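All values below were derived from every heavy atom in this structure, side-chain atoms included, with hydrogens, water molecules and symmetry-related copies excluded. What you see is a predicted model; the values in this text were computed from it and never measured.
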Amino acid sequence: MSSFLSRLADDALIALDTFSDRTAGLVHPALRLGVTGLSRAGKTVFISSLVHNLLNGGRLPVFEAVRSGRVSRIRLAPQPDDAVPRFQYEDHIAALVRDRIWPDSTRAISQIRLTLDYESASGWGRMFSRGELSIDIIDYPGEWLLDLPLLSQDFRTFSAQTWERAQKGVREELSRDWCRLAEAEALNAPADEAKARALAEHFTAYLKACRSDERALSILPPGRFLMPGDLDGSPALTFSPLPLPAEGRPEPGSLWAMMERRYEAYKTHVVKPFFREHFARIDRQIVLVDALTAINRGPEAVADLEEALAEVLACFRPGLNSFLSSFVTRRIDKVLIAATKADHLHHESHDRLERITGRLVHRAAERIGLSGAGLEVMALAAVRATREATVEEGGAKLPVIVGVPIAGETIDGQVFDGKRRTAIFPGDLPANPDQLFAARPEGDLVNFVRFRPPEIEETGGGLKLSVPHIRLDRAMQFLFGDRLA
């Protein structure tokens with residue numbers, strides 16, 4: 001009964017927030033754009049480049065409202081949510097443009113508002129529209145999104161799923177210390193804070209090992225264990241899954257009871273507020289995917305990424321909003337799945353990267369009914385760090401990419417110093433995406449190294465040119481071009 005009342009109260013609060021947002025939107029039209037992705041997918045870079053290109057007249061030929069000259073003014077505006085940290089655009093773009101280093105990754109939720117003054121493409125629209133649209137960009141870690149399924153799982157289900165996953169593939173080795181410690185504890189022994197802390201620390205170490213560059217695994221809930229923020233050390237983050245029996249209940253005051261209570265506290269104080277205050281208010285969504293790293297780590301990482309994306313898409317409530325229903329409920333009517341770092345490949349492989357990413361999300365999209373105009377998959381680079389060229393080798397012309405690898409990056413034993421521009425043959429992706437789920441082929445599919453951001457020249461007036469990109473304008477057109485029609 002209490003669970004039902006809690007859900008009823010949550011739904012009422014969501015409806016109230018939606019009604020407040022919609023009524024405010026009648027006077028000041030706004031669209032809330034969610035930007036997420038798993039670790040190292042490039043969320044901060046995407047938002048920084050999008051804002052910079054809009055503010056500085058970037059080359060956006062596919063973004064129709066800008067190309068046609070209907071947008072007269074674009075400006076940063078104060079954000080509407082005073083309790084949400086501002087996305088530090090100025091600091092991030094300075095790191096990219098001035099220092100030529102990649103900005104820090106997303107560690108918590110943040111927001112920034114862009115307001116566009118425009119002229120409608122139709123006479124009817126010009127008559128009834130005030131020609132202003134605010135885009136509220138909400139940046140949040142994809143790991144938080146993977147926590148949403150926990151809302152429908154009790155502690156036994158969560159423990160069983162986590163334990164089963166930990167016994168498969170490379171996870172079996174990475175989880176060995178945590179599993180041994182958990183198996184050695186008597187479930188109904190008296191609760192002990194030192195034991196709870198030790199279990200949580202070993203479990204967190206296992207999750208971090210899974211996320212490392214060498215493994216690149218994606219399904220790692222609870223997400224706040226990897227980015228605790230101000231909750232670090234709190235009881236809500238000091239728990240661990242346990243090897244529980246199929247039936248039975250914990251004894252009062254036991255270690256089992258403590259872990260179950262703290263898991264429920266995590267859902268109540270961490271997951272539910274994120275869903276109610278942020279996720280449930282999003283209109284459009286882009287999910288950034290670092291498919292290239294998973295591809296280079298082999299079939300297990302690719303399969304794990306596919307499962308993670310399925311869980312991410314299952315969180316969305318797709319569908320169209322009618323005018324009246326939009327005042328009490330919100331549905332995400334457009335989702336863009338974007339494979340990032342397309343500049344690490346020659347353009348001849350971009351269509352293959354899109355097909356691979358489409359294969360990763362196809363079954364999940366069909367299952368939730370998100371397809372057609374509501375879903376698009378594309379390969380992009382929010383900041384293009386390389387250019388393309390050809391070199392002759394053995395009498396044949398070889399397509400290469402040219403850029404400055406980050407200091408310490410290596411290919412075939414060659415260590416780069418972070419200063420020298422280098423031509424690299426990036427390799428080829430398979431034409432058939434299913435090959436990536438088979439036995440791992442010999443060697444890496446692509447020569448994947450990280451590049452420094454590009455050197456951006458200054459104009460005669462000393463102004464920085466806009467950040468170069470690949471298909472950022474196409475992403476803008478899909479995500480909010482129709483709202484400027």
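Looking at Thr340, its side chain does come within 3.5 Å of a backbone N or O of Ala41 through a donor-acceptor pair. A donor-acceptor pair under 3.5 Å is absent between the side-chain atoms of Thr410 and the main chain of Gly413, judged by distance alone. Under a 3.5 Å cut-off, the side chain of Ser212 and the backbone N or O of Ala209 do form a donor-acceptor pair. Side-chain atoms of Ser49 come within 3.5 Å of backbone atoms of Ala382 as a donor-acceptor pair (strictly under, hydrogens ignored). Distance alone, capped at 3.5 Å, places no donor-acceptor pair between the Arg452 side chain and the Ile406 backbone. Checked by atom type and distance alone, the side chain of Thr357 pairs as donor or acceptor with a backbone atom of Leu353 at under 3.5 Å. For the pair Lys341 (side chain) and Leu292 (backbone), a donor-acceptor distance under 3.5 Å is absent. A distance-only check finds a donor-acceptor pair linking the side chain of Asp192 to the backbone of Ala194 [under 3.5 Å]. Checking side-chain atoms of Thr238 against main-chain N and O of Ser234 turns up a donor-acceptor pair under 3.5 Å. With hydrogens and angles disregarded, a donor-acceptor distance shorter than 3.5 Å links the side chain of Arg156 to the backbone of Gly248.
Using a 3.5 Å distance cut-off with no hydrogens or angles, the side chains of Tyr206 and Arg176 do not pair a donor with an acceptor. Side chains of Tyr266 and Asp147: a donor on one and an acceptor on the other come within 3.5 Å. Side-chain contact of Asn296 with Thr293: a donor-acceptor pair under 3.5 Å is absent, judged by distance alone.
Looking at heavy atoms from C-beta onward, Leu114 lies in side-chain contact with Leu50 at the 4.5 angstrom threshold.
No salt bridge links Arg197 with Glu201; every basic N to acidic carboxylate O contact stays at or beyond 4.0 Å. A salt bridge does not link Asp283 to Lys334: none of the charged nitrogens lies less than 4.0 Å from a carboxylate oxygen. Using a cut-off of 4.0 Å between Lys/Arg side-chain N and Asp/Glu carboxylate O, Glu376 and Arg474 are scored as salt-bridged. The residues Arg284 and Asp482 are annotated as salt-bridged, a charged nitrogen and a carboxylate oxygen being separated by less than 4.0 angstrom. Ion pairing of Arg249 with Glu260 is present here, as a side-chain N (NZ or NE/NH1/NH2) and a carboxylate O approach within less than 4.0 Å. Salt bridge annotation for Glu193-Arg262: present, with a cationic side-chain nitrogen under 4.0 angstrom from a carboxylate oxygen. Salt bridge annotation for Arg215-Glu300: absent, with no cationic side-chain nitrogen under 4.0 angstrom from a carboxylate oxygen. Salt bridge status for Arg384 with Asp343: absent, with no side-chain N to carboxylate O gap under 4.0 Å.
Once rounded to the nearest 0.5 Å, the distance linking CD1 of Ile93 with CD1 of Ile47 reads 11.5 Å. Note that CZ of Phe155 is 9.5 Å distant from CD of Glu264, once rounded to the nearest 0.5 Å.
Each of His92, Arg86, Gln88 was compared with Glu90 under the side-chain hydrogen bond (donor to acceptor under 3.5 Å, both in side chains) criterion, and only Arg86 meets it. Shown are Leu174, Leu220, Leu226; of these, the side chain to side chain contact (heavy atoms under 4.5 Å, CB included) with Lys208 is made only by Leu226.
Phe274 has its ring centre less than 6.0 Å from the ring centre of Tyr140. Taking the six-membered ring for Trp, Phe451 and His344 have ring centres closer than 6.0 Å.
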Can you list the steps and then say if Arg165 with Glu172 is a salt bridge (Lys or Arg N to Asp or Glu O under 4.0 Å)? CA-CA 8 Å; Arg165 192 175 289 124; Glu172 184 177 9; over 6 Å; no
Salt bridge (Lys or Arg N to Asp or Glu O under 4.0 Å) assessment of Asp81 paired with Arg281: CA-CA 12 Å; Asp81 301 313; Arg281 299 172 61 196; 3.5 Å; yes
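The side-chain contact (heavy atoms from CB on, under 4.5 Å) check on Arg261 picks up Met258, with sequence neighbours excluded.
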